[in-house]
Amino acid sequence: MPSTSTHSVLLHAKDIGLTINGQSILEQVNLTISAGEIVTIVGPNGAGKSSLIKTLIGIQKPTQGRIHRKPSLTIGYMPQKLSIDDSLPLDVYRLMTLTRTASLDDAVQALARTGVEHLIHRSVQNLSGGEFQRVMLARALLAKPDILVLDEPAQGVDFNGEVELYELIQKLRTELGCAIVMVSHDLHIVMAATDQVICLNKHICCSGHPESVSQHPEFTQLFGKEFAPALAVYTHEHDHTHDLGDCGGHHHD
Amino acid sequence: MPSTSTHSVLLHAKDIGLTINGQSILEQVNLTISAGEIVTIVGPNGAGKSSLIKTLIGIQKPTQGRIHRKPSLTIGYMPQKLSIDDSLPLDVYRLMTLTRTASLDDAVQALARTGVEHLIHRSVQNLSGGEFQRVMLARALLAKPDILVLDEPAQGVDFNGEVELYELIQKLRTELGCAIVMVSHDLHIVMAATDQVICLNKHICCSGHPESVSQHPEFTQLFGKEFAPALAVYTHEHDHTHDLGDCGGHHHD
Amino acid sequence: ESLKVAVSISPLHSLVSHLGKDVFEPSLIYSTDQSPHSSALKPSQLQQVVDADVLIWVGEDLEQSLGRLIEQRALKSTIVQLFDENGLTGYEHGLKLLENRPSLFPQQEGLHDDHDSHDEHDAHEHGHDHGQLDPHFWLDPLNAIAFSKAVAEQLIQLDPSHKDNYEANLKQLIIDLNILNRNIHVETAGLKTKPFIVFHDGFQYFEATYQLNGIGAVVLNPEQPPGPKTLSLLIDAAKNYSVTCLFSEPQYDARYLNVIQSKLPFAKIGVIDTLGSKLEPGPTLYFELLTQLSASMSECLE
Amino acid sequence: MIDLLWPALVAGSLISLLAGPLGSFLVWRKMAYFGETMAHSGLLGITLAVLLNWNITVGIALITSMLALLLFALQHQHRIPADTLLGIMSHGSLALGMLVLAFSTQIRTDLTGLLFGDLLSVGSSDLWLVAIIITIGLPLLITIWKPLLAITVNEDLAKAEGINTSLIKVVFLLLVALTIATAMKIVGVLLITALMIIPPAAARFIAKTPEQMGVIATIIAVLSVWLGISGSWQFDAPTGPAIVAMAVVFFVASVAVTNLKQKVN
Amino acid sequence: MIDLLWPALVAGSLISLLAGPLGSFLVWRKMAYFGETMAHSGLLGITLAVLLNWNITVGIALITSMLALLLFALQHQHRIPADTLLGIMSHGSLALGMLVLAFSTQIRTDLTGLLFGDLLSVGSSDLWLVAIIITIGLPLLITIWKPLLAITVNEDLAKAEGINTSLIKVVFLLLVALTIATAMKIVGVLLITALMIIPPAAARFIAKTPEQMGVIATIIAVLSVWLGISGSWQFDAPTGPAIVAMAVVFFVASVAVTNLKQKVN
Ligand SMILES: Nc1ncnc2c1ncn2[C@@H]1O[C@H](COP(=O)(O)OP(=O)(O)OP(=O)(O)O)[C@@H](O)[C@H]1O
Ligand SMILES: Nc1ncnc2c1ncn2[C@@H]1O[C@H](COP(=O)(O)OP(=O)(O)OP(=O)(O)O)[C@@H](O)[C@H]1O
Ligand SMILES: [Mg+2]
Ligand SMILES: [Mg+2]
Ligand SMILES: [Zn+2]
């Protein structure tokens with residue numbers, strides 16, 4: 001069983017399944033997120049990570065299963081892909097205060113944490129890819145939500161920025177006490193800064209503490225042995241059997 | 001001077017400058033790209049990498065300087081950001097053959113090289129972030145252009161995919177003999193698979209072979225000493241002097 | 001078999017019905033509630049037009065969809081059109097045509113007020129543009145007689161075997177029209193000095209025949225709103241002449257008239273229906289139409 | 001002069017207050033042709049009202065609200081863009097209206113009246129109506145401004161961060177529908193839609209934030225109304241077209257100045 | 001019956017051949033209201049033609065082409081969306097047309113005729129004109145199809161990969177403008193724009209590629225014409241509205257079936 005901490009449970013997903021146009025995208029996903037926890041979802045492209053996140057925060061309705069959210073849970077979300085139409089004059093400050101209010105000072109401070117405080121009055125449509133990503137991250141921080149949900153936050157962020165970003169996420173948890181759910185492909189860094197890793201490939205292949213997960217055969221099948229230092233093997237509880245080729249491919253049934 | 005190989009010169013940029021709305025984005029960029037060469041542009045977010053690429057291939061007009069392209073040069077381009085409207089029914093095969101014709105077999109083969117041949121008949125709007133990136137890459141390969149221009153090709157691609165991708169790029173150069181210009185933040189991998197590194201921060205801070213560049217003080221200033229193994233120092237020829245803080249900051253003048 | 005005659009609008013259809021009594025019954029193309037200006041044709045209307053031996057209409061200024069059809073299709077029918085944009089087409093028989101007027105009508109002698117005498121001059125200056133003849137000619141019973149004569153002549157030419165019927169019908173119709181004319185003269189005799197304003201100038205033939213005293217129209221073309229100065233001049237003139245009656249038309253919004261009315265404490269708004277939209281098509285329609293017109297005028301003006 | 005023109009000035013200025021900010025959303029949400037659609041559906045509304053013996057205003061309000069809800073439902077799928085949806089609804093309801101009309105004698109409609117209805121003919125009861133729309137509509141719009149803007153930027157983001165997107169969208173659509181349905185009876189569709197989209201478009205080149213765009217659009221709309229009405233008095237031109245032409249002048253000036261600035265830099 | 005209706009059937013079917021694929025681009029490029037804009041500018045064209053003693057068709061063609069070029073120029077900036085630009089041009093030219101008209105009395109324009117023009121009154125010279133448009137327009141459209149599609153997906157990409165984006169876009173805009181300008185004289189704007197946007201919208205739910213969408217849209221358009229004309233004959237209803245209503249039926253069916261399928265899955 002995933003180690004549910006003693007903290008209060010913010011969100012609990014039970015037997016989630018998602019099928020779009022007859023195509024199964026998620027199957028039998030069970031998940032619990034508690035306050036102050038950093039959960040990282042890893043998995044190959046097309047594994048359903050973004051879909052899972054959207055289902056958890058209520059953008060996408062699951063076709064099976066149920067999701068319990070703590071009443072009046074506030075969510076900060078940073079989508080994987082976002083494009084803002086040119087017809088809308090929108091500067092960075094206004095984007096950051098879109099759904100919540102914040103003073104200019106607070107906004108600058110949040111931007112400073114992601115290294116882009118000089119962009120505060122720039123038009124969002126003119127930002128470079130990495131600048132936009134940093135702004136969106138600062139925006140998510142600013143809201144001080146109960147859960148911060150980040151879909152590939154480091155995508156397009158430069159080398160230094162990426163390192164700083166994961167340090168920042170660590171810090172945030174202690175400062176704000178919020179839970180952080182993120183998707184990332186950067187296994188090096190993820191492994192170092194995560195409480196719970198969920199390895200997804202349509203269903204949850206394995207989950208648990210980073211050290212244990214990295215030893216799991218399905219994990220090494222997906223990501224190679226490079227990330228298998230040495231520690232206890234965590235066994236997940238599926239009611240079906242796995243052969244080795246199972247989770248590595250794209251078609252798991 | 002950048003080492004121009006004995007191969008034929010495909011593209012030559014002379015004293016390129018770009019100013020948009022009074023804001024200087026590129027300054028005094030000189031650049032030569034020869035056939036069969038892999039050129040990687042690195043630099044912090046907002047350094048002007050994407051702008052430089054767009055200027056080189058003629059999407060953006062430079063406000064200063066001139067660009068010479070070999071007559072009838074064919075270009076394969078993979079932009080950093082691309083969103084396709086939902087009103088257009090477009091499957092992967094059709095996207096790949098948008099500007100050039102290719103048989104279904106060839107398209108499948110190209111997709112197979114980026115590991116997503118099973119997506120050939122999927123609608124592009126439903127692809128996951130990484131799947132789309134892989135498809136766009138396969139699309140760029142399929143065209144067999146003289147220059148392949150890739151703006152952060154590995155963005156959103158999963159861990160295994162990223163490793164394979166850089167191997168693929170190496171292979172392509174020898175197979176197709178085309179030049180490859182790419183932007184990347186993944187310094188580890190870039191360093192291993194590049195002929196010429198251009199370190200950009202509005203202007204070219206330093207450029208040359210990876211080993212030499214990684215020793216350059218401005219490079220270490222930008223990216224930390226981690227990437228400075230040991231080799232000759234390449235000195236670039238600016239007509240202005242640098243102090244140490246120069247290239248690391250966002251405002252260089 | 002008898003002659004197939006199709007007539008575009010109901011007042012003309014009524015006159016032709018008289019002429020065809022005992023010989024043929026003309027068909028009506030635009031039903032009374034269909035605006036000849038903007039309605040698209042239905043298949044049955046197309047059939048009617050294509051089948052007709054004789055097609056009688058006013059012209060493309062009025063029946064626009066019919067105009068397109070006549071222009072496009074090679075029709076077998078004889079087309080009776082009394083005038084086009086260049087003037088009379090040779091059927092005249094005494095048809096009197098009027099030019100479209102500016103918003104503030106040039107006044108008849110004697111009713112003139114000095115300050116707007118330039119209007120008359122204007123009307124002459126624009127007198128020879130295209131499309132400047134007012135097509136609502138049938139509102140003058142004498143024009144109705146001219147029209148009937150022209151149609152009868154055509155009918156006799158096309159269907160000589162019924163010459164006697166046509167001549168007799170025409171004779172009777174002329175008598176009836178003259179009686180109608182006289183009656184309306186009597187009814188409107190007391191209205192001659194009473195000034196009024198109409199919504200759009202679709203009605204000057206009636207006005208001219210009975211020497212009524214319309215002083216202006218809010219719009220010249222119902223699709224074209226007036227300028228504020230025009231409106232203000234109309235209001236001034238209305239005050240000047242102590243207008244007590246404003247006429248709206250059932251198919252158009254009376255909103256401008258309401259504005260003018262708000263500046264004229266004693267003015268009423270009456271309704272005139274120049275197309276007879278509520279009347280049953282047939283021989284009697286024309287007579288009902290004009291009677292109704294004069295009745296609504298005297299009701300409002302008295 | 002003022003005597004004749006002041007109702008027009010007041011009504012035009014009041015309507016501009018709502019047209020500026022509401023129109024900005026129409027521009028952002030690619031619904032510039034909402035007004036046109038409402039006008040065309042108005043024909044159907046009138047026809048039905050006459051057939052079923054309703055009050056005509058009720059008929060129009062009902063049909064336009066239904067169309068707004070239909071638009072909401074159809075926008076859930078993302079494959080047909082907003083302007084095409086509006087086009088389908090506009091042409092569809094116009095065609096339906098004409099068909100119903102063809103089978104029901106004795107209904108006369110003044111479509112051109114709906115299209116070109118005129119500020120000059122505004123009376124005091126119209127002024128009251130406009131005042132009522134403004135006092136209800138403006139606070140309502142201000143209330144939904146922030147969440148609606150978030151939805152406009154990105155619907156997923158807004159939903160994730162706790163906004164009831166469906167509710168806000170429905171309120172917005174109904175607000176626009178009813179505003180246009182009422183205003184078009186008074187000033188005509190040409191003027192109300194032009195006031196809703198041209199000033200925001202002109203403001204786009206100047207504004208740095210959505211709020212600025214709303215405010216600048218309102219200012220341009222009010223100026224267009226005043227200058228347009230003065231011009232129309234000066235040259236005895238129809239008022240509505242004069243105001244629209246004035247707004248176009250502002251738009252052209254805005255484009256020209258922006259282009260010139262870029263050239264200079 | 002056929003004897004009476006065949007010109008309408010032929011003209012409608014021929015126009016559908018071009019309306020399907022051309023309309024698909026209008027939907028993709030968010031220009032559903034291009035036809036409406038052309039119709040409104042038509043008024044200005046007619047007015048100017050009468051004033052300057054030109055042939056009316058020349059006047060319309062000139063103004064619509066100029067508007068198409070203006071649209072091209074204005075689309076270079078990306079801050080005003082296509083539908084708003086069309087709205088501005090449409091209302092602007094209509095207002096201008098009305099102003100010019102106001103100062104030149106005695107010009108009669110038939111705006112409603114342009115809007116509701118009549119398929120039933122199509123004659124042989126019209127058929128020739130339609131045939132000419134098709135024989136020029138269809139091959140031209142097929143020639144620019146591929147590059148235009150690439151531009152529609154992403155203009156930067158198309159440009160980088162060697163497409164002369166400006167040329168293709170101008171050709172496309174002129175082609176649509178001239179097609180609509182001619183067709184609207186013959187069948188009316190209501191019908192031509194409805195045939196251009198409703199069938200592609202219906203086809204969107206079925207098609208997997210752009211080419212399929214163009215072809216399916218054409219089929220739906222032709223079916224709408226045939227069924228609409230038969231229905232109009234059956235019930236003696238106005239033809240244009242009957243065809244539009246038929247196309248709407250196809251659209252509704254397409255939406256319904258798609259939704260049902262998703263529910264079942
Ligand atoms: N149209 C524009 N108007 C104004 N500024 C712009 C425009 N486009 C880009 N910029 C600015 O130019 C700078 C360079 O942008 P560019 O996209 O080239 O950066 P980049 O090196 O690709 O960054 P990243 O690594 O984040 O992708 C950025 O600061 C960006 O904000
Ligand atoms: N609306 C949709 N209709 C059909 N298939 C979809 C839809 N959305 C996503 N998919 C498919 O579902 C799968 C999971 O997508 P998702 O975006 O969740 O993947 P992901 O794990 O986030 O991948 P990546 O690492 O590339 O971002 C993909 O194969 C994708 O093609
Ligand atoms: Mg994803
Ligand atoms: Mg970039
Ligand atoms: Zn498993």
Side-chain angles (χ1 to χ4, degrees), chain A residues 11 21 50-51 53-61 69-102 104 120-126 132 136 139-140 142-151 181, chain D residues 20-21 23-32 76-79 81-83 144-166 168 196-217 251 254-255 258 262:
Chain A
L11 196 150
N21 290 332
S50 300
S51 304
I53 277 188
K54 285 186 195 166
T55 313
L56 291 179
I57 63 180
I59 296 172
Q60 175 104 48
K61 268 213 191 93
R69 292 185 202 89
K70 208 184 92 175
S72 75
L73 185 75
T74 57
I75 297 171
Y77 176 49
M78 175 175 168
Q80 183 173 6
K81 217 177 177 178
L82 177 68
S83 66
I84 295 175
D85 197 273
D86 274 332
S87 66
L88 193 69
L90 198 69
D91 66 8
V92 168
Y93 176 56
R94 195 62 195 77
L95 174 66
M96 295 179 72
T97 53
L98 207 54
T99 53
R100 277 147 205 163
T101 42
L104 191 66
I120 182 101
H121 291 304
R122 285 272 279 279
S123 148
V124 291
Q125 285 93 353
N126 294 341
F132 187 70
M136 284 304 290
R139 181 182 177 281
L142 183 65
K144 302 204 172 78
D146 300 330
I147 302 192
L148 207 53
V149 179
L150 313 172
D151 199 345
V181 179
Chain D
S24 299
F25 273 110
L26 291 185
V27 170
W28 297 328
R29 298 182 70 79
K30 315 271 180 294
M31 288 166 41
H76 262 296
Q77 56 73 26
H78 296 276
R79 287 184 278 189
D83 66 323
I144 64 168
W145 180 276
K146 223 178 156 168
L148 184 60
L149 189 69
I151 294 171
T152 304
V153 170
N154 186 279
E155 203 165 329
D156 278 356
L157 202 67
K159 208 171 185 177
E161 298 185 351
I163 289 169
N164 184 341
T165 52
S166 297
I168 300 285
M196 278 188 166
I197 62 172
I198 305 180
R204 172 63 185 92
F205 295 97
I206 307 164
K208 298 252 177 280
T209 65
E211 288 72 21
Q212 276 180 21
M213 183 157 150
V215 170
I216 297 173
F251 174 72
S254 179
V255 172
T258 310
Q262 277 175 359

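Residue numbering restarts at 1 for every chain, and letters A, B, ... go by the order of the sequence lines. Because the structure is predicted, anything quoted here is derived from the model rather than measured.
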Checklist entry - Atom CG of A:Leu98 and atom CD1 of D:Ile151: how far apart are they, to the nearest 0.5 Å? => result 10.0 Å
Checklist entry - So which part of A:Asp85 gets closer than 4.5 Å to some heavy atom of chain D, the side chain, the backbone, both or neither? => result side chain
Checklist entry - Considering only heavy atoms, which portion of A:Arg122 lies under 4.5 Å from any heavy atom of chain D: side chain, backbone, both, or neither? => result neither
Checklist entry - Where on D:Pro147 is there a heavy atom nearer than 4.5 Å to chain A: the side chain, the backbone, both, or neither? => result neither
Next on the checklist: Counting heavy-atom pairs closer than 4.5 Å to chain A, which one of D:Ser24, D:Pro210, D:Ala207, D:Ala201 comes out on top?
Outcome noted: D:Pro210
Next on the checklist: So for D:Leu157, is it side chain, backbone, both, or neither that comes closer than 4.5 Å to the heavy atoms of chain A?
Outcome noted: both
Checklist entry - If you measure from CD1 on A:Ile59 to CD on D:Glu155, what distance do you get to the nearest 0.5 Å? => result 10.0 Å
Next on the checklist: For a 4.5 angstrom cut-off between non-hydrogen side-chain atoms, does D:Leu149 reach A:Arg94?
Outcome noted: yes
Item to check | Pairwise side-chain contact, D:Asn154 with A:Ile84, heavy-atom cut-off 4.5 Å (strictly under) | outcome: no
Item to check | Pair A:His121-D:Lys208, side chain to side chain contact (heavy atoms under 4.5 Å, CB included): steps then yes or no | outcome: CA-CA 9 Å; A:His121 291 304; D:Lys208 298 252 177 280; over 6 Å; no
Item to check | Max heavy-atom pair count under 4.5 Å with chain D, selected residue of A:Asp91, A:Thr99, A:Leu88 | outcome: A:Leu88
Checklist entry - side chain to side chain contact (heavy atoms under 4.5 Å, CB included) between D:Asp156 and A:Ile57: does it pass, once the steps are laid out? => result CA-CA 10 Å; D:Asp156 278 356; A:Ile57 63 180; over 6 Å; no
Checklist entry - D:Arg204 and A:Pro89: which non-hydrogen atoms are nearest, and at how many Å? => result NH1-CB, 3.5 Å
Checklist outcome for this item: Turns out that what part of D:Lys146 lies under 4.5 Å from chain A's heavy atoms comes down to both
Checklist outcome for this item: For A:Gly58 and D:Lys159 the tightest heavy-atom approach is O-CE, 4.1 Å
Item to check | D:Glu211 portion near chain A, given a 4.5 angstrom heavy-atom threshold | outcome: side chain
Checklist entry - Is it the side chain or the backbone of A:Leu95 that comes within 4.5 Å of chain D heavy atoms, both, or neither? => result side chain
Checklist entry - Are any of the side-chain heavy atoms of D:Lys30 and A:Ser87 separated by less than 4.5 Å? => result yes
